[in-house]
Amino acid sequence: MYKQLKNIDGSIANCIKRIEDEACIPFDLSNTDYQAYLKWVDEGNTPEPADEVV
Amino acid sequence: MALTTVQGQMLTAPLTLTGNLTFSDGSVQTAAASPYVLKNRIINGAMQIWQRGTSFTSASGYTADRWTTVGNSATNLSQSTSVPTVTTGNAFQYSAKVGRTASSTSTLTQLIAQCIESNNCYDLSGQTVTLSFWAKAGANYSSTSNILSLALYTGTAADQGILNYVSWTGAASVSTNINLTTTWTKYTYTTTLGSGILEAGLFFYYSPTGTAGADDNFYITGVQLEIGTSATPFERRLYNQELANCQRYYQIVGVGGCGRAFNTTNFEVALALRVEMRAAPSGTVINDTGNIAYPGVAAYTTTSLGSLVASTTGVALNLVSSGLTSGATMITYARVAGLSAEL
């Protein structure tokens, strides 16, 4: 399971949070965590929306 | 005239050696090692580097640097000072102890593995390679016939990640079983690899049986994979060199960063990486007490990682804490994140 993240200015961050260990994963195709995320999305899954920035 | 023993004589080239060359330590070489240094494709084969900790229970993921349990949920792995001894003393500082907790009835495969980056294995294509390692069985090793299995997987696409090893493009594998004893022994395995290799993964594993005794583990160290038909002595790297090798895949950052609190909960800091990483790394916060601070005023502790921007040479971390003063300049005093670009 994954969750979107927002930057401090409220824009969507170029990384995704893996909920099980709270790792922030950058959108880099060489990163195997990101490869796993893309595979998960390809399987029809959708990440949870980001929390609002306080 | 065929010579088999020469002592105290000077030999003049050209010389041709046919047959095996036996050294004074008993090792036998059947072909020239090339290259003699920087030959070992395994990083942290001597189990020296443990940035993530030294004991892992029911591990799922990376443990000792570069060694992973490949998602197995029941493998325990810890640093051990049980090491092979040679005539001059300990051959290694540490080994990895891999297996089940006492009284466990799980029969899940106990496994550790290391994935070799494309940059470090592409030239193994079509080559004869030799794997060597030291291993022993724990006193209660439950594998049938004390078997320890090893497998070398290869693929023809670069760096697809070890979790996907069974579905790697062009996946191929070779494997064998050895029968451990409770005495440290050096084992070797020679095989010839296929063509077009751009990734490789080395696996050691066993299938436990029954209820685990006090030491249902195998111990392993001195892992080396090299080109050649026979095992040459283990390539000993200095600690700092091997640490840098490991930091290409995982490193901890924190001390020495300076940034600004954007509000009462978010502090952003940019940090240069100690070693250029294999890929832009994933980040996980490390909540060391008092790891961020207003210099000389007050210390705070991170609670999570809000987001990150990463490249292979640096990261910008949005660290989340509480009670910060908006706009204040802050520094990182201790560890704030572990960064992973593992395979």
Side-chain angles (χ1 to χ4, degrees), chain A, chain B residues 60-62 68 71 115 117-119 157-165 167 199 249-250 259-268 277-287 302-312 314-320 322 326 337-343:
Chain A
M1 296 287 287
Y2 298 88
K3 185 172 187 174
Q4 291 180 322
L5 294 167
K6 284 188 175 179
N7 298 312
I8 292 171
D9 65 2
S11 59
I12 294 293
N14 286 323
C15 59
I16 195 86
K17 178 166 280 190
R18 185 171 56 206
I19 293 174
E20 67 179 79
D21 62 354
E22 298 200 327
C24 289
I25 300 167
F27 295 163
D28 177 356
L29 289 171
S30 296
N31 183 307
T32 54
D33 294 328
Y34 185 55
Q35 292 172 14
Y37 167 70
L38 292 178
K39 183 181 177 186
W40 180 81
V41 171
D42 283 346
E43 292 168 352
N45 298 296
T46 303
E48 296 179 11
D51 294 331
E52 291 301 316
V53 175
V54 178
Chain B
S60 177
Y62 277 87
T68 180
C115 197
E117 180 181 348
S118 180
N119 289 329
D159 303 337
Q160 297 180 94
I162 199 153
L163 290 178
N164 298 317
Y165 69 96
S167 57
E199 58 192 339
Y249 305 90
Y250 181 83
R260 175 172 160 268
F262 278 84
N263 48 39
T264 58
T265 56
N266 294 86
F267 163 48
E268 189 161 87
M277 301 192 77
R278 186 194 64 80
S282 304
T284 306
V285 74
I286 298 176
N287 299 323
T302 53
T303 56
S304 65
L305 184 57
S307 63
L308 93 168
V309 177
S311 74
T312 58
V315 290
L317 306 173
N318 171 15
L319 298 166
V320 179
S322 61
S326 180
L339 304 175
S340 174
E342 280 288 2
L343 284 162

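Throughout, a chain's letter reflects where its sequence line sits, starting with A, and its residues are numbered from 1.
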Most contacts with chain B, counted as non-hydrogen pairs under 4.5 angstrom, among A/Cys24, A/Pro26, A/Ala36, A/Ser30
A/Cys24
Could you tell me the separation between the OG atom of B/Ser304 and the NZ atom of A/Lys17, rounded to the nearest 0.5 Å?
5.0 Å
Any donor-acceptor pair under 3.5 Å linking the side chain of A/Thr32 with the backbone of B/Glu342?
yes
From A/Arg18 atom CZ to B/Thr284 atom OG1, the distance as rounded to the nearest 0.5 Å:
6.5 Å
Under 4.5 Å from any heavy atom of chain B - which part of A/Ala13
side chain
Where on B/Ala280 is there a heavy atom nearer than 4.5 Å to chain A: the side chain, the backbone, both, or neither?
both
If I take atom CG from residue B/Asp159 and atom CG from residue A/Leu29, how far apart are they, to the nearest 0.5 angstrom?
12.5 Å
CD1 on A/Ile8 to OG on B/Ser307, rounded to 0.5 Å:
6.5 Å
When the 4.5 angstrom heavy-atom criterion is applied to B/Asn318 and chain A, the contacting part is side chain
So, the part of A/Gln35 with a heavy atom under 4.5 Å from chain B: the answer is side chain
With rounding to the nearest 0.5 Å, note down the distance linking CG in A/Asn31 to CE in B/Met277.
9.5 Å
Among B/Ser311, B/Gly306, B/Ala310, B/Ala158, which has the most heavy-atom pairs under 4.5 Å with chain A?
B/Gly306
